[in-house]
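No hydrogens, no waters, no symmetry mates; every other heavy atom, side chains included, goes into these values. Residue numbers start from 1 in every chain, and the chains themselves are labelled A, B, ... in the order their sequence lines are given, proteins ahead of strands.
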Amino acid sequence: MGKRLSAGQRRATILEAAKALFAESGLHGVSVDAIAERLAVSPATLYKHFASKEALYEAVINATACSRESYVDAVLRGPSDFASVLRRIARTFVDSVAADPDFLRMEMHAVLEGNPFAGRFFENRWKHFSDYIELGIRELAPQGKAAPVDVPSASLMFQGMLREVLYVKCVYRSERYRDIPLHQLVDRCIDLFLLAIGYRERCLEGAA
Amino acid sequence: MAEFDAELDARGLNCPLPILRAKKSINELQAGQVLKIVATDPGAVKDFEAFCKQTGHELMNSQEQGSEFVFLIRKH
């Protein structure tokens with residue numbers, strides 16, 4: 001680490017290196033010494049910026065939270081029906097995760113480690129979809145635009161589906177799905193999801 | 001806080017729902033009319049700034065009132 005870095009730049013460099021290590025091995029699998037070694041600095045240098053490894057981990061999570069996806073553009077750039085908005089916010093989300101798959105790896109480790117702080121963060125990251133889907137189905141079903149499905153299960157199904165798409169495309173890089181572009185795979189899964197919830201808003205609109 | 005022509009209760013909703021609801025509510029207003037939005041998601045502050053920037057509507061006021069965020073948006 002060069003001496004000419006500002007405090008902010010040093011902090012950013014530390015966060016970046018720590019994130020990569022936490023993504024590889026989780027909070028408990030990484031020592032302060034390992035982070036210091038990756039950065040070619042002494043542990044004392046790290047402690048100047050972060051009081052503990054746990055504080056550094058929380059800073060990594062918070063930095064990710066601050067750069068959360070903006071769905072404003074996704075909402076504004078097309079039709080407002082349930083399915084169209086769902087497709088656009090899903091694309092925004094997968095693009096963001098695909099650009100930085102460390103998010104997924106950290107989430108996997110957090111699940112295994114049972115870290116409550118990280119657990120809340122990752123749950124919130126998916127909450128946009130849970131809330132959107134649950135409220136959407138609750139409004140559509142009484143109008144006959146969706147089947148009266150079990151709403152929390154439908155939301156969970158969507159989340160599991162999208163997470164699995166991200167795993168096979170961005171983490172495992174599975175051969176089985178190699179030839180299907182990410183957006184196409186997401187769209188195909190959303191098609192299946194819409195079938196599963198008996199979505200027929202467009203049919204009704206078309207008939208009107 | 002200034003007068004308004006329509007009100008949107010977005011309390012308890014997380015992005016993208018407040019933006020989506022606001023988009024639909026503003027579509028029902030005439031140019032120059034004002035929509036008041038009450039939200040609880042802290043992310044709504046940045047979201048409504050971006051919303052107005054992208055749509056050309058005027059963000060007349062953005063206030064934090066306790067645990068709520070109140071926005072006044074004039075349709076362009």
Which answer fits A:L76, side chain, backbone, both or neither, if we ask what part of it has an atom under 4.5 Å from a heavy atom of chain B?
both
Does atom CD (A:E123) have a neighbourhood of more than 12 heavy atoms from anything else shown, all under 6.0 Å?
no
Considering residues, nucleotides and ligands other than B:Q54, do more than 12 of their heavy atoms fall under 6.0 Å from its CD?
yes
Output yes when B:K24 and A:E139 qualify as a salt bridge under the 4.0 Å nitrogen-oxygen rule, no when they do not.
no
What are the two closest heavy atoms between B:L20 and A:Y132, and how far apart are they?
CD2-CE1, 3.7 Å
Going by the side chain to side chain contact (heavy atoms under 4.5 Å, CB included) test, name the single residue among A:V75, A:L86, A:T92 that passes it with B:P16.
A:V75
Within a 6.0 Å radius of atom CZ on A:R176, are there more than 12 heavy atoms belonging to other residues, nucleotides or ligands?
no
Between B:K23 and A:S80, is any side-chain donor less than 3.5 angstrom from a side-chain acceptor?
yes
Quick one: ring pair (Phe, Tyr, Trp, His ring centres under 6.0 Å) pairs with a partner in residues 133-156 of chain A, sequence neighbours left out?
none
Should we count CZ of A:F121 as having more than 12 external heavy atoms under 6.0 Å?
yes
Tell me whether A:K127 contacts the main-chain N or O of B:N14 through its side chain, where contact means a donor paired with an acceptor under 3.5 Å.
no
How about B:I19 and A:Y71: do any of their side-chain heavy atoms sit closer than 4.5 Å?
no
Please classify the contact of A:D73 with chain B as side chain, backbone, both or neither, using a heavy-atom distance under 4.5 Å.
both
